[in-house]
Amino acid sequence: MKENILNYPTVDLNEAGDAVLIIDQTLLPKKLEMIELKGAKELWDAIYLLKVRGAPAIGVFAAYALYVLSLEIAKQASTAKEFYEEFKKQKEYLNSARPTAVNLSWALERMERICEKGLSGAILPGAAKGSGTSSSGSPDDVGMIRETLSLLKEEAVSIHREDTETCRKIGEYGLGLIKPGYGILTHCNAGQLATSKYGTATAPIYLAHEKGYDLKVYADETRPLLQGARLTASELSAAGLDVTLLCDNMSGSLMRSGAVNAVFVGCDRVAMNGDVANKIGTSMVATLAKYYGVPFYVCAPTSTLDPSTKDGSLIRIEQRPASEITEMWYSERMAPEGISVYNPAFDVTDHDLVTAIITERGIAYPPYEESLPEMLER
Ligand code: MRU
């Protein structure tokens, strides 16, 4: 792979505007391939199979995916009501692809509100416009659907653009927590490949690098899907950072050596008490960081804060296939046939292990029951 991965969009609409364009992250780092997706099953699969991954990128992807599916729905639907019913089905289908990252449902909800706004003349109780029942669309319905499609496209583009701005701001707040010469440990990939640009956990690192801070970044390889080795190590070295890769079970010895001044990680869902769900292994890193007195920072856009989740025990953790552990990365199976496998994709880090949560609206410190609602209100 010779091209600089950072010059390619993680997620975008294709040039024709009728398919979602992504880097297929399952092929990295060996191959940099952009793929275009438009069918419901292939869009769902892209999320489930981690061709696109990372909470903010999944949100941006889902918004574009629902828009692309709406183009097809519009071709089939005879009335605005029919369009709306099918839109809701496709929205629920996409939402079922992965359960833990709240950005997926957050982006889809935003799209649904826009759809309802565009179709309000036909779907609200007592709506006057639109036939609603005829087998072919009335001129009102056709116009409403056309207008709704354009609103949906605008909303998806806004979600995409806002994500870039959000990550940049997280970077600016996080920069204040870094000093020149720092050693920084990160887990999984919360970089550009997990967002539209800059990443969340990597945004302060990129900004510090731009300022010439001379950092040393340590990337956990992140078993079982190796997001750290395949993605973080690739993108940070493409940006010219000094990156060192380590296995997940080596971060304790690295922290004990004094090489780590701070840990920065991303996040898939923040509960209102400050418990955070992130890639499996994060809670182990946080526990070690507390023991060794290393600050543990979680970077999360406010779209990852979930007002409906009181604490981490309520976060649904995705369980993944056993084959990811027993054979996926090996030339031959490495575990006995029939062995039981524990393979949660995420874990919950208790709030008392989290030094601060860096959002695009500022830095939240404990007690999180007070600081997180304040971030949501800002
Ligand atoms: O399974 P993944 O690769 O989607 O998991 C990604 C993570 O856990 C990231 O740390 C998180 O989504 C934050 S990305 C800015």
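Order of appearance sets the numbers: ligands from 1, and atoms from 1 within every ligand.
Checked against a 3.5 angstrom limit, the closest N/O atoms of Gln227 and ligand 1 fall inside it. Annotation: His187 places no N or O atom under 3.5 Å from an N or O atom of ligand 1; distance criterion only. Residue contacts with ligand 1: Ala190 is placed with no nitrogen or oxygen under 3.5 Å of a nitrogen or oxygen of the ligand (distance criterion only). Below 3.5 Å of separation, one finds no N or O of Gly266 facing any N or O of ligand 1. Residue Arg98 has at least one nitrogen or oxygen atom sitting less than 3.5 Å from a nitrogen or oxygen atom of ligand 1, judged on distance alone.
Ring centroid separation for the pair Tyr206 and Tyr198 does not come in under the 6.0 Å cut-off.
With hydrogens left out, the protein atom closest to atom 9 (C) of ligand 1 is Asn278 OD1, 3.4 Å, a heavy atom.
Remark: distances from the non-hydrogen atoms of Asn189 to ligand 1 include one below 4.0 Å. Residue Ala345 places no heavy atom under 4.0 Å from ligand 1.
Pairs of residues two or more places apart, or lying in two chains, that qualify as salt bridge (charged side-chain N to carboxylate O under 4.0 Å, His left out) and include a residue from residues 247-273 are Arg269-Asp306.
Look at Glu172 and Arg168 and you find a salt bridge, because one of the NZ, NE, NH1 or NH2 atoms lies within 4.0 Å of a carboxylate O, short of that distance. Using a cutoff of 4.0 Å between basic side-chain nitrogens and carboxylate oxygens, Lys169 and Glu360 are not scored as salt-bridged. Ion pairing between a basic and an acidic side chain is recognised when a charged N comes within 4.0 Å of a carboxylate O; Lys38 and Glu42 show no such pairing.
For the residue pair Thr195/Asp163, the side-chain donor-acceptor check at 3.5 Å is not satisfied.
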